[in-house]
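What follows is a short report on a single structure.
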Amino acid sequence: EGGRIREERRGDLSASISSVRRCEHRIEGGALAPPLFCAVSRSRLRYPAVQPYRLLSHSLCRASAPTPVYHARYFLCANARPRALHSMKPRHLVQLLALAAVWGASFLFIRVGVAEFGVAPLMALRVGIGALFLLGMTVARGAPLEAVRVLRARAWPLFVVGVLNSAAPFCLFAFAELTLSAGTTSVINATTPLWGALVAYVWLRDRLTVLRTLGMAIGFAGVVTLVWDQIASTHDALGPTPLATALAAAAAMGAALLYGIAANYTKRRLAGVDAMAIATGSMVGSTIALIPFAIATWPPGRATRSSSAA
């Protein structure tokens with residue numbers, strides 16, 4: 001019986017590699033040593049997750065490759081062991097830590113500034129300054145006409161990403177920080193990957209295994225545990241009510257959900273577009289979306305104070 005099953009599995013693999021074609025791929029952060037043989041299944045071609053295919057022997061590929069078979073949506077055979085796809089260097093770690101520090105500090109600055117400026121004006125200033133900086137970077141990189149062509153061709157998807165990934169979640173986080181602490185909102189923001197996986201499962205039909213489902217449940221439970229203390233301990237008469245705190249937490253959770261939707265929308269609608277173009281176009285789009293709200297809710301005390309100081 002065991003031998004029959006092994007033969008059936010070998011037959012399945014033989015059918016999968018019947019459409020083998022020789023090709024070379026270069027992957028950012030590393031490379032697979034050429035020549036490379038890609039056996040593509042009928043599903044859409046994607047880079048593999050590079051996990052050993054544990055069920056099947058790799059003897060069928062020995063004629064062209066002594067390495068194990070790898071799979072994700074397709075099988076991969078190479079005539080040399082693949083080098084590391086992602087090599088983390090010290091400068092990459094420093095950049096990652098700097099990015100985390102800047103991103104985390106934004107919650108503190110929002111907490112300080114939102115009470116003075118208001119939600120929409122503060123966020124309009126944030127995305128407006130970012131849009132100006134990215135436009136300058138785009139011009140400095142050269143070929144501004146090409147960048148303008150891309151922005152015009154993808155104007156609507158970039159605007160949608162700007163609303164989903166910047167304008168709306170930024171305003172929701174700012175609204176939440178009128179009640180919640182900066183630390184609490186930053187913890188809720190950590191649910192973004194969980195929402196991204198859930199949206200990808202519902203919208204893009206990405207596979208959601210039992211382990212992934214369990215990991216998502218543990219992640220959501222951990223976030224609820226961390227923020228529950230602040231939500232449940234609002235008994236001070238001068239402080240926010242439990243309902244207001246729960247509403248603020250829901251707003252922050254909605255912002256994380258929008259991040260997840262934006263990531264999957266970008267994957268679906270803006271695949272192949274330059275990252276700088278996406279960042280620039282989305283910032284410009286979010287600025288356009290927030291300007292009317294910023295004008296309507298701009299704090300009137302600003303002009304009065306400026307006149308008094310003069």
Side-chain angles (χ1 to χ4, degrees), residues 29 41 43-44 46-55 70-74 85-86 88 93 96-97 99-104 106-107 110 157 160-177 179-233 242-243 245-271 275 278 282:
S41 68
S43 61
R44 190 169 48 182
R46 292 185 179 180
Y47 287 118
V50 191
Q51 298 175 353
Y53 194 81
R54 298 184 179 91
L55 297 179
Y70 292 92
H71 82 295
R73 291 291 182 90
Y74 61 104
L85 294 179
H86 303 285
M88 175 68 77
L93 180 60
L96 182 62
L97 293 176
L99 176 62
V102 172
W103 187 257
S106 67
F107 291 96
I110 291 172
V160 173
V161 171
V163 172
L164 293 177
N165 198 56
S166 299
F170 286 0
C171 289
L172 287 174
F173 274 128
F175 171 78
E177 291 201 48
T179 304
L180 302 177
S181 66
T184 302
T185 52
S186 63
V187 169
I188 296 177
N189 180 58
T191 61
T192 297
L194 307 180
W195 286 115
L198 186 60
V199 171
Y201 170 72
V202 174
W203 184 16
L204 303 182
R205 304 301 181 189
D206 280 7
R207 187 162 165 251
L208 196 60
T209 63
V210 175
L211 289 179
R212 289 183 181 179
T213 305
L214 180 61
M216 290 173 57
I218 294 174
F220 280 120
V223 171
V224 171
T225 301
L226 290 172
V227 302
W228 182 256
D229 181 63
Q230 182 169 349
I231 296 175
S233 62
L243 178 60
T245 306
L247 183 61
M253 194 73 77
L257 171 60
L258 288 176
Y259 281 147
I261 296 174
N264 286 278
Y265 182 88
T266 303
K267 179 180 178 181
R268 186 72 175 266
R269 303 296 184 187
L270 294 173
I278 295 176
S282 63

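For clarity, every value in this text was computed on a predicted model and none was experimentally measured. The analysis underlying the following values was restricted to heavy atoms, covering all of them including side chains, and did not include hydrogens, waters or symmetry mates.
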Please report the closest heavy-atom contact between [X] and [Y], naming both atoms and the distance.
{"X": "Gly196", "Y": "Asn264", "result": "O-ND2, 3.1 Å"}
{"X": "Gly183", "Y": "Ser186", "result": "O-OG, 2.7 Å"}
{"X": "Tyr259", "Y": "Phe173", "result": "CE1-CE1, 3.5 Å"}
{"X": "Leu164", "Y": "Ala262", "result": "CB-CB, 3.8 Å"}
{"X": "Ala248", "Y": "Ala176", "result": "O-CB, 3.2 Å"}
{"X": "Ala168", "Y": "Leu258", "result": "CB-CD1, 3.6 Å"}

Nearest 0.5 angstrom please: [X] [atom1] to [Y] [atom2], how far?
{"X": "Leu247", "Y": "Thr179", "atom1": "CG", "atom2": "OG1", "value": "7.5 Å"}
{"X": "Ile261", "Y": "Thr266", "atom1": "CD1", "atom2": "OG1", "value": "11.5 Å"}
{"X": "Tyr201", "Y": "Thr209", "atom1": "OH", "atom2": "OG1", "value": "11.0 Å"}
{"X": "Met216", "Y": "Leu198", "atom1": "CE", "atom2": "CG", "value": "4.0 Å"}
{"X": "Asn165", "Y": "Thr192", "atom1": "CG", "atom2": "OG1", "value": "9.0 Å"}
{"X": "Ile188", "Y": "Leu172", "atom1": "CD1", "atom2": "CG", "value": "11.5 Å"}

**Request:** Could you please spell out the steps behind the side-chain contact (heavy atoms from CB on, under 4.5 Å) verdict for Asn189 and Trp103?
**Result:** CA-CA 11 Å; Asn189 180 58; Trp103 187 257; 3.3 Å; yes
**Test side-chain contact (heavy atoms from CB on, under 4.5 Å) applied to Thr191 and Leu257, step by step** = CA-CA 8 Å; Thr191 61; Leu257 171 60; over 6 Å; no
**Prompt:** Should the pair Trp195 and Phe220 be assigned to parallel (<30°), tilted (30 to 60°) or perpendicular (>60°) ring geometry?
**Reply:** perpendicular
**Asked** Do the non-hydrogen side-chain atoms of Thr185 and Ile110 ever get within less than 4.5 Å of each other?
**Response** no
**Message:** Quick one: does any side-chain atom of Ser181 pair with a main-chain N or O of Thr184 as donor and acceptor, under 3.5 Å?
**Reply:** yes
**Request:** May I ask you to say whether Asp206 pairs ionically with Arg212, meaning some side-chain N is under 4.0 Å from a carboxylate O?
**Result:** no
